[in-house]
Amino acid sequence: MTAQKLYIRTFGCQMNEYDSDKMADVLNASDGLVQTDDPAAADVILFNTCSVREKAQEKVFSDLGRVKHLKQSNPDVLIGVGGCVASQEGAAIVARAPYVDVVFGPQTLHRLPELIRARRASGRPQVDISFPEIEKFDHLPLPRVTSASASVSIMEGCSKYCSFCVVPYTRGDEFSRPLDDVLVEVADLANQGIKEVTLLGQNVNAYRAGDDDFASLLEYVAAIPGVERIRYTTSHPKEFTQRLIDVYGRLPKLVDHLHLPVQSGSDRVLARMKRGYSVIEYKSIVRRLRKVRPNISMSTDFIVGFPGESEDDFEQTIRLIQDVQFDASFSFVYSRRPGTPAADFDDETPQATKLARLARLQAAIEVNAGRLADAMVGTTQRVLVEGSSRNGLKGNSGELMGRTENNRIVNFAGAARARELVGQMIDVRVTQALHYTLRGELLEHAPILTVCDEQPFGATKCAQ
Ligand code: SAM
Ligand code: F3S
């Protein structure tokens, strides 16, 4: 019998990408489902949705409409909706799209096999959007390693209640996974050969486990053999403690890059957003970090055109971009989210003005990004080799690509050594800064390892 196929469409953030992987793991472990990129070939179709902005939310319903016919031609096809829209809308999704079979939230994705079975047995749509908190992690299979880097969720939910944001309502309040569980998962991944781990959560620095906080968690993770690089996302400026900054002085495995959402450069706007910090407090974090890590690169999130944002508020945001030298950002025009406090604020700025501000903001970031890329030319960078470069995949460059600590992609000649180098940390010299990527050359002292056929990402374990 051929295995049943699973198609997952993911919207939104890295947490959702992570959750989609877990959905695939759970259904593979319970029913042997294998993933496909083709919805028409799938037995189970899942949408993992995002409701942070209106556009993403509406897209779900248009995409659902697009797979409806698959169910009409094969009634056995099962359609499920998970993620934040599911969490917010619940049974209303089935009311609007009656061909949906299963609705589940970010904290009930581990119950998918039961929900699907119940749907098939009863013939009735199943909805479970409860928040059973930590139960999820006790029911997820151990992660499978498919590359040299992996993400590990350390905490879920958010209790910050920024005035514009739906996440606390869709993902529930903050809760941390037990320390032992996190460390066992990272150690297991390292044993399978991963080199880089990304610790995930809406506010990772809200992590607490007894007397341990996020700073101590980082120290424990860095001590796990095989872990060579540590990233995390997202942290919040409000809990960015001196203890956490001090860890940067002690742990070289912690990358020279930090994504720290600021949202606005105006204290007035930050207060109305209920962010819980001022611009000077944010800048103080960056100044103290750069004292211990002079080269740390900073990226951030901005919301442009928050209700009541004046031209002067926006100018202050542009000034902050220059002061901090952010070199990347996720920046979007404010999207009104019903049910959040900001939804009731007067919002008189025309959309065209907001879009013009967004374009100006993004141009300011591009200037910084270009300056940083130029400054990297001539330097030696340690990169984690991820695979063929994008051009290489089209078959015309034969190059490999690796990622630097500060999240830049470097393409370099070396395809002939792909089996030996993919999944390894190697040194390259940056030779050229292009628009979005860097070009480099492999340094001759890059390690030559014995390749282990069974474990391509654990090659060092097979080195002689
Ligand atoms: N934990 C993070 C932090 O410290 O702010 C943010 C997580 S939030 C899901 C991701 C980003 O979505 C936010 O940083 C914000 O820029 C954006 N976002 C959230 N609500 C939004 C809204 N109503 N309109 C536009 N962007 C929004
Ligand atoms: Fe949203 Fe603010 Fe939490 S942006 S995820 S409520 S920190």
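Both counts, for ligands and for their atoms, begin at 1 and track the order of listing.
Here the protein heavy atom with the shortest distance to atom 2 (Fe) of ligand 2 is C162 SG, 2.3 Å. Among all protein heavy atoms, the one lying closest to atom 24 (N) of ligand 1 is S335 N, 2.9 Å. Protein heavy atom at the shortest distance from atom 20 (N) of ligand 1 is F164 CD1, 3.3 Å. Counting only heavy atoms of the protein, atom 10 (C) of ligand 1 lies nearest to D301 OD2, 3.8 Å. Looking only at protein heavy atoms, the nearest one to atom 26 (N) of ligand 1 is R53 NH1, 3.5 Å. For atom 15 (C) of ligand 1, the nearest non-hydrogen atom of the protein is Q263 OE1, 3.5 Å. Protein heavy atom closest to atom 1 (Fe) of ligand 2, with residue, atom name and distance, is C165 SG, 2.4 Å.
Atom numbering of ligand 2 starts at 1 in the shown order; those under 4.0 Å from a heavy atom of K160 are 7 (S). Ligand 1 places these atoms under 4.0 Å from at least one heavy atom of R337: 23 (N). Atoms of ligand 1 found under 4.0 Å from any heavy atom of V167 (numbered from 1 in listed order, with element): 9 (C). In the vicinity of N203, heavy-atom distances shorter than 4.0 Å reach the ligand 1 atoms 1 (N), 4 (O). Those atoms of ligand 2 that come under 4.0 Å of a heavy atom in P168, given as number and element, are 6 (S). Close contacts of ligand 1 with H236, meaning ligand atoms under 4.0 Å from a residue heavy atom, involve 4 (O). Residue contact check: C158 has heavy atoms under 4.0 Å from atoms 3 (Fe), 5 (S), 6 (S), 7 (S) of ligand 2. Near R275, the atoms of ligand 2 lying under 4.0 angstrom from a non-hydrogen atom of the residue are 2 (Fe), 4 (S), 7 (S). Listed by atom number, the atoms of ligand 2 under 4.0 Å from F164 heavy atoms are 4 (S). Below 4.0 Å from some heavy atom of H236 lie the following atoms of ligand 2, by number and element: 7 (S). Taking every heavy atom of S235 and a limit of under 4.0 angstrom, the matching atoms of ligand 1 come to 4 (O). Atoms of ligand 1 found under 4.0 Å from any heavy atom of R275 (numbered from 1 in listed order, with element): 3 (C), 4 (O), 5 (O). Proximity to Q202 (heavy-atom distance under 4.0 Å) selects the following atoms of ligand 1: 1 (N), 2 (C), 7 (C), 9 (C).
Ion pairing between E174 and K160 holds under the 4.0 Å rule for side-chain N and carboxylate O. The existence of a salt bridge linking D327 and R371 is excluded, since no basic side-chain nitrogen approaches an acidic carboxylate oxygen closer than 4.0 Å. Using a cutoff of 4.0 Å between basic side-chain nitrogens and carboxylate oxygens, D213 and R208 are not scored as salt-bridged.
Annotation: K253, atom NZ; neighbour count of heavy atoms from other residues, nucleotides and ligands within 6.0 Å is above 12. Counted within 6.0 Å of CG on L434, heavy atoms from surrounding residues, nucleotides or ligands total more than 12; the atom is thus considered enclosed.
Donor-acceptor pairing under 3.5 Å is lacking for the side chains of R408 and Q381. In this model, a donor atom of one side chain and an acceptor atom of the other lie less than 3.5 Å apart for D128 and S130. A donor atom on one side chain and an acceptor atom on the other are not found under 3.5 Å apart for N407 and H259. Between the side chains of Q107 and R171, no donor N or O sits under 3.5 Å from an acceptor N or O. A donor-acceptor pair shorter than 3.5 Å can be found between the side chains of N406 and T404.
Neither the backbone nor the side chain of C13 has any atom closer than 4.0 Å to an atom of ligand 1 (non-hydrogen atoms only). At a heavy-atom cutoff of 4.0 Å, ligand 1 is contacted by both the backbone and the side chain of V52. Of all the heavy atoms of V333, the ones lying under 4.0 Å from any atom of ligand 1 belong exclusively to the backbone.
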Derivation of the side-chain contact (heavy atoms from CB on, under 4.5 Å) call for E54 and K59: CA-CA 9 Å; E54 189 182 5; K59 183 105 180 53; over 6 Å; no

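Geometrically, R96 engages F61 in a cation-pi contact defined by less than 6.0 Å to the ring centre and at most 45° from the axis. For the pair R53 and F332, the cation sits on the ring face: its NZ or CZ lies under 6.0 Å from the ring centre, inside 45° of the axis.
Distances from ligand 1 to the non-hydrogen atoms of A342 include no value under 4.0 Å.
Atoms CG and CG, on L33 and L112 in that order, are 10.0 Å from each other to the nearest 0.5 Å.
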